[in-house]
Amino acid sequence: MRMVTGHLVILALFIFSCKTSTPPSGSLQLIETGVASWYGPNFDGKPTATGEIYNMKGLTAAHRTLPFNTMVRVENQNNGRSVAVRVNDRGPYAKNRIIDLSKAAAEKIDMIGPGTANVRLYTSADALEGTKITDLKVPHYTIQLGSFEDQASAISRVTNLKGARVEEVRVGKTTLYRLYYGLFTDPDKARQEHARLKAQGWDGFVKQVEN
């Protein structure tokens, strides 16, 4: 049993060794099963949802809800091949898909020809700790109304706005207090509420809740 456990730890370290960001800690756990697709030339060189430029030769992926830079191991159930990818984009938008892989990642698990594959997604056991994700398949949206370095200023700004909240956010070494309003699963409803608030003098924008 000790030998098997040791092999699993070595495997976990190996599959995440190709990424550029810090490896996730903890053991791997299955988080989702479904169909993967891939995207390539038509998107190469264009900005992803993070603002990072998409490189189809990189080992990256698009997912609806996982926090950006989450490392995921994608296992092709059809042939047993797997690849480690970093989430840096949003999608896929087809209802029956759970992840969009870069061309390079799709090549690693031999799904370029078929275009799709039945896959299992794994990540470290602690990768989702502290996030607000309740359903990996359903993105949630909120309206950000402001951002302050002073908590008291943030709280006073939304005292009379029912449904608003203040959340502490770490950005690098800086602590910010952001004003948010509402939580929506329908982005159109979020945009409608944003328009209503804007008419009342509130500025801001709709954003996806990811962490």
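Note that these values count all heavy atoms, side chains included, but never hydrogens, waters or copies made by symmetry.
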Same cluster for M56 and V87 if Ile/Leu/Val/Met/Phe/Trp/Tyr side chains link at under 4.5 Å? no
Output the distance between atom CG (D186) and atom NE2 (H140), rounded to the nearest 0.5 Å. 11.5 Å
Working to the nearest 0.5 angstrom, can you tell me the gap between D89 CG and L101 CG? 12.0 Å
Distance under 6.0 Å and angle within 45° of ring axis: R196 vs W202: no
Would you say Q200 has more than 12 foreign heavy atoms packed within less than 6.0 Å of its CD? yes
With a 4.5 Å heavy-atom cut-off, do R178 and E168 have their side chains touching? no
May I ask you to test the L121-R73 pair for a side-chain heavy-atom distance under 4.5 Å? no
Hey, what's the ring geometry for Y39 with F43, parallel, tilted or perpendicular (30° and 60° as the breaks)? perpendicular
Is any side-chain heavy atom of V206 less than 4.5 Å from a side-chain heavy atom of I143? yes
Side chain to side chain donor-acceptor pair (under 3.5 Å) partners for T175, two or more places apart: R170
For a 4.5 angstrom cut-off between non-hydrogen side-chain atoms, does I31 reach L66? yes
Quick check: is V74 connected to I112 through a chain of hydrophobic side chains (ILVMFWY, heavy atoms under 4.5 Å apart)? yes
Does L161 share a hydrophobic cluster with F148, counting links as ILVMFWY side-chain heavy atoms below 4.5 Å and allowing steps through other members? yes
Checking the side chain of E149 only, and the main-chain atoms of L176 only, is there a donor and an acceptor separated by less than 3.5 Å? no
Under a 3.5 Å cutoff, is there a donor and acceptor pairing between the side chains of R90 and T50? no
Closest heavy-atom contact between D100 and P92? OD2-CB, 3.4 Å
Take atom CG of N96 as the centre, draw a 6.0 Å sphere, and report whether it contains more than 12 heavy atoms from other residues, nucleotides or ligands. yes
Kindly indicate whether the side chain of T65, heavy atoms from C-beta on, has any atom under 4.5 Å from the side chain of D135. no
Just by distance, do the side chain of N88 and the backbone of A62 share a donor-acceptor pair under 3.5 Å? no
Can you hop from I155 to L197 via hydrophobic side chains spaced under 4.5 Å? yes
Minimum heavy-atom distance Y54-G40, with the two atoms named: CE2-O, 3.7 Å
Where A190 and Y141 come nearest, the two heavy atoms and their spacing: CB-CB, 4.2 Å
Interatomic distance, R64 atom CZ to I99 atom CD1 [nearest 0.5 angstrom]: 10.5 Å
Please report the closest heavy-atom contact between D150 and S153, naming both atoms and the distance. OD2-OG, 2.8 Å
Rounded to the nearest 0.5 angstrom, the OG-NZ distance for S102 and K57 is 12.0 Å
In Å, rounded to the nearest 0.5 Å, how long is the span from CG of D44 to CD1 of I53? 10.0 Å
Grab the two heavy atoms, one from S82 and one from E75, that are nearest each other, plus how far apart they are. CB-CA, 4.0 Å
Does one side chain, of Y177 or E167, offer a donor that lies under 3.5 Å from an acceptor on the other? no
Is there a side-chain contact between Q77 and R120 (heavy atoms, below 4.5 Å)? yes
Between OG1 on residue T142 and CZ on residue F184, distance to nearest 0.5 Å: 6.5 Å
Work out which heavy atom in A84 is nearest to a heavy atom in L59; give both atom names and the distance. O-CB, 3.7 Å
So, are R86 and E52 salt-bridged, with charged N and O less than 4.0 Å apart? yes
More than 12 heavy atoms of other residues, nucleotides or ligands under 6.0 Å from CZ of R157: yes or no? no
Given side chains that start at C-beta, do those of V209 and L183 come closer than 4.5 Å, heavy atoms only? yes
